[in-house]
*Asks:* 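One structure is given below, represented as structure tokens, and several questions about it will come after.
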Amino acid sequence: QVQLVESGGGLVQAGGSLRLSCAASGGTFSSYAMGWFRQAPGKERDFVSAISRNGFTTYYADSVKGRFTISRDNAKNTVYLQMNSLKPEDTAVYYCAARTVRNTYVVSTARDEYDYWGQGTRVTVSP
């Protein structure tokens, strides 16, 4: 069973950048497709981005496409989310998630397809 710990959140002005990290332990990191989700106050947890086991396939929500970049380092058991050109509407708690899959190229966008979740890191973007 894998444990996930997010870091890198904080307060930033609109137009700024943050890099989130999610460190995994207790499992074989390369066995998992990874995803980032976010939950704004009073809203549901929404998909942000996903990356396949081998890192060759990535996928983004339309709202972040062109501004966010997901990547992973299997040697460091870590997945990243580089967030540029941040907007106030990006304010949320960001969660990383892991899904056990055999296919090394598959990505998942559905929340209920993920097996493990981190505790989240808060991102606040001021106007």
Side-chain angles (χ1 to χ4, degrees):
Q1 184 167 343
V2 65
Q3 290 81 45
L4 304 172
V5 179
E6 302 95 335
S7 62
L11 173 64
V12 64
Q13 287 188 328
S17 298
L18 283 174
R19 188 195 196 201
L20 305 184
S21 299
C22 172
S25 62
T28 304
F29 183 67
S30 59
S31 298
Y32 302 102
M34 301 298 295
W36 285 97
F37 290 74
R38 66 186 181 187
Q39 188 166 16
K43 296 189 177 181
E44 292 192 349
R45 192 173 299 188
D46 292 329
F47 169 78
V48 175
S49 183
I51 189 166
S52 60
R53 286 176 54 189
N54 58 16
F56 289 170
T57 307
T58 59
Y59 195 79
Y60 299 91
D62 287 344
S63 59
V64 306
K65 201 173 295 182
R67 300 187 298 122
F68 291 11
T69 303
I70 191 171
S71 61
R72 67 188 295 162
D73 186 337
N74 285 347
K76 294 183 178 180
N77 294 346
T78 303
V79 62
Y80 305 96
L81 186 68
Q82 177 67 44
M83 306 187 296
N84 298 329
S85 302
L86 282 161
K87 305 175 181 180
E89 51 263 44
D90 294 318
T91 295
V93 176
Y94 283 72
Y95 299 89
C96 74
R99 179 193 177 194
T100 307
V101 291
R102 282 193 172 185
N103 188 311
T104 57
Y105 288 89
V106 74
V107 294
S108 298
T109 62
R111 195 172 54 200
D112 60 5
E113 290 182 337
Y114 285 86
D115 303 305
Y116 306 102
W117 293 83
Q119 293 300 307
T121 185
R122 185 174 301 277
V123 172
T124 303
V125 184
S126 62

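Please read all numbers here as calculations on a predicted model, not as lab measurements.
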*Asks:* Are V79 and I70 close enough, and set up right, to give a side chain to side chain contact (heavy atoms under 4.5 Å, CB included), and what steps lead you there?
*Replies:* CA-CA 7 Å; V79 62; I70 191 171; 4.0 Å; yes
*Asks:* Any idea which heavy atoms bring L4 and M34 closest together, and the distance?
*Replies:*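 That would be CD2-CE, 4.0 Å.
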*Asks:* Does R111 make a cation-pi contact with F37, if we ask for NZ or CZ under 6.0 Å from the ring centre and within 45° of the axis?
*Replies:*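 Verdict for F37: no cation-pi partner in R111.
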*Asks:* Check S49 against L81 and note the closest heavy-atom contact, atom names and distance.
*Replies:* CB-CD1, 4.2 Å
*Asks:* Near E89 CD, under 6.0 Å, is it more than 12 heavy atoms from other residues, nucleotides or ligands?
*Replies:*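 Correct, the count exceeds 12.
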*Asks:* Under a single-linkage definition using a 4.5 Å side-chain heavy-atom cutoff for Ile, Leu, Val, Met, Phe, Trp and Tyr, are V64 and W36 assigned to the same hydrophobic cluster?
*Replies:*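 Yes; W36 is reachable from V64 via cluster members.
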*Asks:* Checking R72 side chain against G55 main chain: does a donor-acceptor pair fall under 3.5 Å?
*Replies:* no
*Asks:* So which heavy atom on S52 is nearest to which on N54, and how close?
*Replies:* OG-OD1, 2.8 Å
*Asks:* Do the side chain of N74 and the main chain of S30 share a donor and acceptor less than 3.5 angstrom apart?
*Replies:*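 Answer holds: no.
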*Asks:* Is there a chain of hydrophobic side chains (I, L, V, M, F, W, Y, each step under 4.5 Å between heavy atoms) that links F29 to Y95?
*Replies:*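 Unlinked, F29 and Y95 end up in two clusters.
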*Asks:* Are V48 and V12 grouped together when hydrophobic residues (ILVMFWY) are joined by side-chain heavy atoms under 4.5 angstrom apart?
*Replies:* yes
*Asks:* Do you know the tightest heavy-atom contact between A50 and V107?
*Replies:* CB-CB, 4.0 Å
*Asks:* Checking side chain to side chain contact (heavy atoms under 4.5 Å, CB included) for the pair Y116/T100: CA distance, chi angles, key distance, verdict?
*Replies:* CA-CA 9 Å; Y116 306 102; T100 307; 4.1 Å; yes
*Asks:* Supply the atom-to-atom distance F68 CZ to L20 CG, rounded to the nearest 0.5 angstrom.
*Replies:* 8.0 Å
*Asks:* Say you draw a straight line from CD of E6 to SG of C22; how long is it, rounded to the nearest 0.5 Å?
*Replies:*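 These two atoms lie 5.0 Å from each other.
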*Asks:* To the nearest 0.5 Å, how far apart are CZ in R99 and CG in D115?
*Replies:*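 These two atoms lie 7.5 Å from each other.
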*Asks:* I'd like to know if D62 and K65 make a salt bridge, using a cut-off of under 4.0 Å between side-chain N and carboxylate O.
*Replies:* yes
*Asks:* How many angstroms lie between CG in L18 and CG in D90, if you round to the nearest 0.5 Å?
*Replies:* 10.0 Å
*Asks:* List the steps and the verdict of side-chain hydrogen bond (donor to acceptor under 3.5 Å, both in side chains) for Y94 and R38.
*Replies:* CA-CA 4 Å; Y94 283 72; R38 66 186 181 187; 2.9 Å; yes
*Asks:* If every non-hydrogen atom of Q3 is compared with every non-hydrogen atom of Q1, which pair is closest and at what distance?
*Replies:*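 For Q3 versus Q1, the nearest heavy atoms are NE2-O, 3.2 Å.
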*Asks:* Does the side chain of T121 come within less than 4.5 Å of S7's, by heavy atoms?
*Replies:* no
*Asks:* What do the steps show when you test Y32 against V101 for side chain to side chain contact (heavy atoms under 4.5 Å, CB included), and what is the final call?
*Replies:* CA-CA 6 Å; Y32 302 102; V101 291; over 6 Å; no
*Asks:* Taking everything shown except Q39 itself, do over 12 heavy atoms lie less than 6.0 Å from its CD?
*Replies:*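 Yes, enclosed.
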*Asks:* In Å, rounded to the nearest 0.5 Å, how long is the span from CZ of R45 to OH of Y114?
*Replies:*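 Rounded to the nearest 0.5 Å, the CZ-OH separation comes out at 12.5 Å.
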*Asks:* To the nearest 0.5 Å, tell me how far Y60 OH sits from I51 CD1.
*Replies:* 7.0 Å
*Asks:* Mind telling me whether F56 and Y105 have parallel, tilted or perpendicular rings, with 30° and 60° as the class edges?
*Replies:* tilted
*Asks:* Locate the shortest heavy-atom distance separating S17 from N84; write the atom from each residue and the value.
*Replies:* OG-OD1, 2.9 Å
*Asks:* Any side-chain to backbone donor/acceptor pair from R122 onto G9? Under 3.5 Å, distance only.
*Replies:*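 Not confirmed, R122 side chain does not pair with G9 backbone.
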